[in-house]
Amino acid sequence: MTGVLLWAVLPYLTIAVFALGLTWRFRHDRFGWTTRSSQLHESRLLRIGSPLFHFGLLFVIGGHVAGLLVPASVTRWLGVPDELYHLLSLTAGTVTGAATIAGLGVLLYRRLRTPAVRRATTSDDRVTYLALGGTLLLGMSATVLTNGLGGGYDYRATISPWFRGILFLQPDPSLMDGVPLPYRLHALFAMALFMLWPFSRLVHAFSAPVRYLARPYVVYRSRDDRRLAARAPRRGWDDA
Amino acid sequence: MRVMAQLAMVMNLDKCIGCHTCSVTCKQTWTNRGGVEYAWFNNVETKPGQGYPRRYEDQDEWKGGWALKRGRLKPAAGGRLKKLLNIFANPDLPELDDYYQPWTYDYRNLTEAPLGDDVPTARPVSAVTGAPTEVRYGPNWEDSLGGGPEHAAGDPVVRKLGREVKFSYEQSFMFYLPRICEHCLNPSCVASCPSGAMYKRSEDGIVLVDQDQCRGWRMCVSGCPYKKVYFNHKTGKAEKCTFCYPRLEVGEPTVCAETCVGRLRYIGVMLYDADRVTAAASTPDEQGLYEAQLGVFLDPHDPEVAAAAERAGIPHDWITAARRSPVYELIMRHRVALPLHPEYRTMPMVWYVPPLSPVVDALSGTGFDGEDAGNLFGAIDTLRIPLDYLAGLFTAGDQEPVRLALRRLAAMRSHMRSINLGEPHDPRGPSRVGMTAESIESMYRLLAVAKYADRYVIPTSGIGRAHDLEGIATTCSLDTYGGPGMLDGRTELFTWRDDERPSGLFPTLPGKG
């Protein structure tokens with residue numbers, strides 16, 4: 001029963017909160033949709049920590065896409081032996097995960113030790129850091145301890161099919177039975193992170209400005225005739 | 001020819017007394033909010049001086065504006081790909097210390113300090129952290145050459161001159177330089193914005209930040225060579241001088257212009273050929289950029305230009321306003337107004353009439369008649385430092401346009417003095433500077449008499465919609481805590497404080513709220 005709740009109900013709840021939350025946020029709080037950078041207060045540590053964290057995270061996300069979405073049969077068909085795959089995923093995961101955690105460490109140190117940055121930290125930042133840090137540390141321990149030193153764990157036989165089952169609307173919570181604890185906790189923390197996503201400043205991830213690459217440098221925009229200002233025009237006096 | 005209209009400003013530096021009324025009224029109107037304590041959309045600097053933010057004119061350090069690379073214009077900090085690769089940490093972003101750490105005073109201590117032998121004081125506290133602080137720099141730290149030899153010597157324009165400049169009181173020259181956003185024809189801040197949130201309004205050329213679309217990547221802040229885009233550290237959005245567009249739309253001048261006690265600001269329409277902007281900004285020789293920009297402007301009196309403007313959809317009242325534009329008069333007809341740092345290749349649109357007063361003062365100080373044209377012409381050429389310095393500021397070092405502007409101002413002084421004193425005046429006087437008595441007197445009316453209606457020729461944004469616009473201009477556009485562009489009845493999650501109950505968490509049906 002707990003298995004069904006955790007591995008079939010909760011994932012869909014997460015997806016619903018994530019999607020609806022993002023829609024709500026985009027429609028009602030586009031002004032709050034920002035990185036809310038604190039580089040103005042402190043630049044030196046940020047220039048080390050932030051690229052380390054973000055670029056590391058991009059690789060980590062790429063690794064998850066490859067590990068969770070690509071079935072083992074596809075890599076075998078491509079001629080990649082399982083041992084090689086394991087070795088690659090383990091080393092790449094360890095290196096990029098370590099970079100991400102190191103980056104986050106620098107950023108957290110900076111956030112706590114710079115008075116102006118500390119002061120600019122909101123409560124949703126704190127919860128986000130907790131979920132983000134927890135997810136990263138658990139993922140790292142799953143990779144290094146269980147999958148590495150522990151002798152290896154073939155998540156592509158259990159977790160990946162479970163994940164694809166959720167996406168293809170054929171959830172099979174029984175696949176998660178017997179999955180090592182770090183992996184299960186990592187997945188739970190990740191779901192918490194996805195639920196927080198729309199309500200924290202993590203939303204800036206969806207603003208990756210890739211269209212900039214194909215845009216003319218100078219943007220012209222004409223005044224919107226329907227909207228004379230940034231908001232709809234109102235009467236110049238109050239209702240009687 | 002693609003005709004576009006631009007609202008532009010000219011400031012007559014001879015009349016600036018450095019009173020900072022423009023800065024203060026602008027601050028009260030636009031940036032008296034949390035997150036932009038340090039931001040002055042309008043500031044007044046003493047020149048020579050490092051300015052605000054400190055040494056912003058040194059583009060070797062700050063990488064603002066455009067650079068010419070193999071004949072093509074590119075943002076000086078790098079192209080699109082480099083910008084995206086640097087998106088997680090902007091390498092060229094000024095820190096708060098480069099502007100100044102905003103502060104207030106612990107006034108409460110004055111009334112609440114316990115009874116004691118000492119008179120209580122209001123110590124400075126940081127406006128960012130609230131902790132006691134020491135004031136180390138400010139937006140007007142070097143007022144009237146305060147800290148002269150030490151500070152002014154760090155002025156990047158002085159450094160470029162490569163010669164000794166005296167800052168001792170007796171030998172120095174100084175003037176005030178009020179600065180707002182330049183609303184450039186080729187804005188590098190707009191080009192730097194990865195989100196496409198910054199734009200140039202096609203109707204009037206005003207450069208704005210769409211607050212709903214800005215994602216806080218901060219590239220505009222470093223991309224602007226004048227450092228006139230500010231990052232609101234509370235809302236996480238870029239903010240800048242709006243050229244007071246809600247006022248201009250109803251035909252009123254900007255707040256800084258309206259409240260200027262010296263009446264030194266002029267606002268009017270310039271018509272320009274948008275197709276020629278890129279080519280002009282790509283002029284290889286930096287000293288050719290001033291002339292190149294003049295070549296972009298169109299003569300509104302030319303029937304062909306007027307016809308092309310009509311075809312381009314520019315309203316008729318804008319074309320007539322362009323014909324009466326004081327800005328056009330000073331820039332194109334009298335050639336006394338010059339752009340600030342054309343070498344940044346942004347084609348700035350706030351121009352300056354260079355100050356003749358430092359020259360007159362220096363001349364009078366030596367016992368000569370400081371308003372005699374002959375003496376003044378000689379002094380303009382011998383007082384090399386003012387000329388050199390002004391050229392470094394306004395024409396990328398080319399002294400000729402500055403010399404011409406100063407000589408015309410000198411000719412105006414002596415011509416008008418002879419009229420006022422009933423002296424016989426030299427009929428050849430105006431022609432020595434390539435002007436006529438009539439054009440000199442017209443320039444005098446504009447610069448010295450400076451009637452309100454002559455200084456501001458601002459077409460409204462459409463008489464048909466005047467009523468709607470009135471609604472905007474009379475209600476406050478900044479009525480919520482976080483800043484401009486916030487929407488009524490909606491909740492911004494991060495400005496939502498713990499002790500508040502948000503009123504508009506969910507949209508309500510009309511009539512039920």
Side-chain angles (χ1 to χ4, degrees), chain A residues 24-25 27-44 46-55 115-116 118-120 122-125 199-201 204 207-223 225 228-231 233-237, chain B residues 75 80-81 83-84 87-91 93 95-96 128-131 186-187 190-191 193-196 198-203 210-218 231 233 235-237 246 461 465 468-472 474-475 477 482 484-488 490-495 498 507:
Chain A
W24 172 80
R25 182 90 189 261
R27 289 189 51 159
H28 293 285
D29 182 31
R30 225 170 294 182
F31 179 62
W33 197 293
T34 158
T35 57
R36 217 164 77 248
S37 159
S38 55
Q39 196 182 353
L40 198 65
H41 297 308
E42 201 282 343
S43 202
R44 200 177 51 85
L46 182 102
R47 286 185 60 190
I48 303 167
S50 178
L52 203 56
F53 170 73
H54 282 96
F55 282 116
R118 191 184 175 124
R119 175 108 172 173
T122 59
S123 35
D124 58 64
D125 283 346
F199 312 103
S200 67
R201 61 177 164 140
H204 76 261
S207 307
V210 279
R211 282 199 304 186
Y212 181 53
L213 290 173
R215 190 196 83 192
Y217 272 128
V218 177
V219 178
Y220 291 90
R221 220 193 270 184
S222 68
R223 202 169 41 219
D225 268 345
L228 286 163
R231 65 176 77 186
R234 292 176 298 178
R235 295 155 60 112
W237 59 89
Chain B
R80 298 179 177 90
L81 195 61
K83 284 253 158 60
L84 287 198
I87 203 155
F88 300 130
N90 184 341
L93 191 79
E95 280 184 50
L96 215 42
V128 176
T129 62
N186 187 33
V190 173
C193 173
S195 308
M198 289 192 83
Y199 59 98
K200 194 166 176 62
R201 275 215 309 201
S202 44
E203 288 89 352
D210 182 336
Q211 292 285 308
D212 277 351
Q213 216 178 321
C214 172
R215 298 287 172 260
W217 301 120
R218 322 175 286 293
F231 187 72
H233 60 83
T235 64
K237 305 264 166 164
S461 65
R465 297 200 306 268
D468 291 339
L469 290 167
E470 186 185 44
I472 292 164
T474 52
T475 53
S477 54
M486 298 191 86
L487 301 167
D488 306 271
R490 296 185 180 179
T491 305
E492 283 76 30
L493 287 176
F494 68 85
T495 51
D498 293 346

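Chain letters run A, B, ... following the sequence lines, proteins first and then strands; every chain starts at 1.
Here A/W33 contributes atom CH2 and B/R215 contributes atom CZ; the two are 7.0 Å apart, rounded to the nearest 0.5 Å. With rounding to the nearest 0.5 Å, the separation of OG in A/S43 from CG in B/L96 is 11.5 Å. Here the straight-line distance linking atom CD of B/E203 with atom OG of A/S222 works out to 5.0 Å at 0.5 Å rounding. A distance of 14.5 Å separates CZ of A/R221 from NZ of B/K200, quoted to the nearest 0.5 Å. Rounding to the nearest 0.5 Å gives a distance of 4.5 Å between CG of A/L213 and CG of B/L84.
Taking chain A as the reference chain and counting heavy-atom pairs below 4.5 Å, the highest number among B/A131, B/P194, B/P91, B/S195 is found for B/P194. Counting heavy-atom pairs closer than 4.5 Å to chain A, the top-ranked of the candidates B/I87, B/T129, B/N186, B/L81 is B/T129.
Proximity to chain B involves both the backbone and the side chain of A/A116, based on heavy atoms less than 4.5 angstrom apart. With a threshold of 4.5 angstrom between heavy atoms, A/F55 approaches chain B through its backbone and through its side chain. Of the atoms belonging to A/R30, heavy atoms from both backbone and side chain fall under 4.5 Å from chain B.
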Q: Under the side-chain contact (heavy atoms from CB on, under 4.5 Å) rule, what do A/H41 and B/H233 come out as? Steps first, then yes or no, please.
A: CA-CA 8 Å; A/H41 297 308; B/H233 60 83; 3.6 Å; yes

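Put simply, the side chain of A/T34 does not reach to within 4.5 Å of the side chain of B/C214, judged on heavy atoms. Taking 4.5 Å as the limit, some side-chain heavy atom of A/H204 sits within range of a side-chain heavy atom of B/W217. Looking only at side-chain heavy atoms (C-beta outward), B/N90 and A/Q39 come within less than 4.5 Å of each other.
Within a 6.0 Å sphere centred on CZ of A/R215, other residues, nucleotides and ligands contribute more than 12 heavy atoms.
A cation-pi contact, defined as under 6.0 Å to the ring centre and within 45° of the axis, links B/R80 to A/Y217.
Under 3.5 Å, the side chains of A/S37 and B/R218 contain a donor-acceptor pair of N or O atoms.
Between A/H54 and B/F88, the ring-plane angle classifies as parallel under the 30° and 60° cut-offs.
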